[in-house]
Colleague: 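I am attaching a structure below and will ask some questions about it afterwards.
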Amino acid sequence: MAKRHYIPVTADVPGISEDRRAFIRKVIRTALAAEGVDFPCEVDVLITDDEAIHQVNLDMRGVDRATDVLSFPEFDLTPGQLPEAEDADPGTGLVPLGDMVISWEHVTAQAKEYGHSNRRELAYLVVHSVLHLLGYDHLDEGPQKKQMRAREEAILAELGITRGA
């Protein structure tokens, strides 16, 4: 898969090796390709702890708690809709899709709770966030949530990541 996207992965917690950062980039590239994103884009990633994600959640969303992942899309899209070429930053030529923030504490706790690996939980949260950046939502309990869950599972399967992985 061509490395046409700029995906900086910043971490302010220990344990986020270059291999783990490369894995996050691979997951993002796979999710983008699966959704038909065939233009150069940028996705910024921060791996942090519960305290920091709690503060981001409070500051940006008015939600006074830590969550596993936050997504901040650059565009107001609907599933299947993509930004246009003219949305690219003139200086870089990249379309800025948005930012994701992931709590490493939640990754490890949820992996244990669900009985799978940290790798699988991290991949799930990254795919979940990419889909949010591309307009998917799950706030209803109906067709939107079902559509998002189906895309998450399809992308994880494409990566060879199963529930037990």
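The analysis underlying the following values was restricted to heavy atoms, covering all of them including side chains, and did not include hydrogens, waters or symmetry mates.
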Colleague: For residues Leu77 and Leu94: do they belong to one hydrophobic cluster (side chain heavy atoms under 4.5 Å, members Ile, Leu, Val, Met, Phe, Trp, Tyr)?
Modeller: no
Colleague: Going from CG on Asp137 to CG on Leu131, what distance comes out if it is rounded to the nearest 0.5 angstrom?
Modeller: 11.0 Å
Colleague: What do the steps show when you test Leu32 against Leu97 for side-chain contact (heavy atoms from CB on, under 4.5 Å), and what is the final call?
Modeller: CA-CA 10 Å; Leu32 292 174; Leu97 293 181; 3.5 Å; yes
Colleague: Who pairs with His132 by ring-ring contact (aromatic ring centres under 6.0 Å, His included), at least two apart in sequence or on another chain?
Modeller: His128, His138
Colleague: Please determine whether a side-chain nitrogen of the Lys or Arg among Lys112 and Glu121 lies less than 4.0 Å from a carboxylate oxygen of the Asp or Glu.
Modeller: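 Salt bridge between Lys112 and Glu121, a charged N being under 4.0 Å from a carboxylate O: no.
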Colleague: Does one side chain, of Ser103 or Asp50, offer a donor that lies under 3.5 Å from an acceptor on the other?
Modeller: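 Present: a donor and an acceptor within the cut-off.
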Colleague: Determine whether more than 12 heavy atoms belonging to other residues, nucleotides or ligands lie under 6.0 Å from atom CG of Asp59.
Modeller: yes
Colleague: If every non-hydrogen atom of Arg20 is compared with every non-hydrogen atom of Gly15, which pair is closest and at what distance?
Modeller: NH1-O, 2.7 Å
Colleague: Tell me, do Phe39 and Pro83 make a side-chain contact under 4.5 Å, heavy atoms counted?
Modeller: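 With C-beta onward as the side chain, the pair touches.
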Colleague: Cluster question for you: counting only ILVMFWY and a side-chain heavy-atom cut-off of under 4.5 Å, with indirect links fine, are Ile53 and Leu125 together?
Modeller: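 No: no chain of side-chain contacts under 4.5 Å links Ile53 to Leu125.
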Colleague: Is a donor from one side chain sitting under 3.5 angstrom from an acceptor on the other, for Thr108 and Asn118?
Modeller: no
Colleague: Just verifying a value: how many Å separate Leu82 CG and Asp38 CG, rounded to the nearest 0.5 Å?
Modeller: 8.0 Å
Colleague: Between Thr30 (side chain) and Lys26 (backbone), is there a donor-acceptor pair under 3.5 Å?
Modeller: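 Such a contact is found between Thr30 side chain and Lys26 backbone.
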Colleague: Would Tyr6 and Val27 show up in the same hydrophobic cluster when neighbours are defined by side-chain heavy atoms closer than 4.5 Å?
Modeller: no
Colleague: I would like to know whether Ile28 and Met100 meet side-chain contact (heavy atoms from CB on, under 4.5 Å); could you show each step before the answer?
Modeller: CA-CA 11 Å; Ile28 292 171; Met100 70 176 70; 4.0 Å; yes
Colleague: Applying the side chain to side chain donor-acceptor pair (under 3.5 Å) test to Tyr136, which of Glu35, Gln147, Glu152 qualifies?
Modeller: Glu35
Colleague: Honestly curious: do Val126 and Leu159 fall in one hydrophobic cluster under the side-chain, below-4.5 Å linking rule?
Modeller: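 Same cluster.
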Colleague: Decide whether Val45 and Trp104 are clustered together by the hydrophobic rule: side chain heavy atoms of Ile, Leu, Val, Met, Phe, Trp, Tyr closer than 4.5 Å, transitively.
Modeller: yes
Colleague: Measuring from atom CD1 of Ile7 to atom CG of Asp44, what distance do you get when rounded to the nearest 0.5 angstrom?
Modeller: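 Between Ile7 CD1 and Asp44 CG, I get 9.5 Å after rounding to 0.5 Å.
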Colleague: Does Cys41 offer a backbone N or O that forms a donor-acceptor pair with the side chain of His5 under 3.5 Å?
Modeller: yes
Colleague: Against Met60, only a single residue in Val56, Leu58, Asn57 fulfils side chain to side chain contact (heavy atoms under 4.5 Å, CB included); can you say which?
Modeller: Val56
Colleague: For Val101 and Phe72, work out which heavy atoms get closest and say how close.
Modeller: CG2-CE1, 4.2 Å
Colleague: Quick one: side chain to side chain donor-acceptor pair (under 3.5 Å) pairs with a partner in residues 79-92, sequence neighbours left out?
Modeller: Thr78-Gln81
Colleague: Less than 4.0 angstrom from a charged side-chain N to a carboxylate O is my criterion; do Lys146 and Glu153 meet it?
Modeller: no
Colleague: Locate the shortest heavy-atom distance separating Pro79 from Gly135; write the atom from each residue and the value.
Modeller: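 So the minimum-distance heavy-atom pair works out to CD-O, 3.3 Å.
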Colleague: If you round to the nearest 0.5 Å, how far is CD of Glu74 from CG of Asp99?
Modeller: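 Rounded to the nearest 0.5 Å, the CG-CD separation comes out at 8.0 Å.
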Colleague: Check the pair Arg21, Ile16 against side-chain contact (heavy atoms from CB on, under 4.5 Å), reporting the backbone distance first and the verdict last.
Modeller: CA-CA 7 Å; Arg21 292 169 203 251; Ile16 309 303; 4.0 Å; yes
Colleague: Quick one, Arg151 and Val127 - any side-chain contact, counting heavy atoms below 4.5 Å?
Modeller: no
Colleague: CG of Leu122 to CD of Gln110: how many Å apart, nearest 0.5 Å?
Modeller: 11.5 Å
Colleague: Begin with the C-alpha distance, continue with both residues' side-chain angles, and end with the deciding distance and a verdict on side-chain contact (heavy atoms from CB on, under 4.5 Å) for Val95 and Phe75.
Modeller: CA-CA 10 Å; Val95 175; Phe75 304 100; 3.7 Å; yes
Colleague: Within the 4.5 Å heavy-atom criterion, are Val43 and Arg25 side-chain neighbours or not?
Modeller: no
Colleague: Are any of the side-chain heavy atoms of Thr10 and Ile47 separated by less than 4.5 Å?
Modeller: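 Heavy-atom side-chain distance check fails, nothing below 4.5 Å.
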Colleague: Roughly how far apart are Ile102 CD1 and Leu70 CG, rounded to 0.5 Å?
Modeller: 9.5 Å
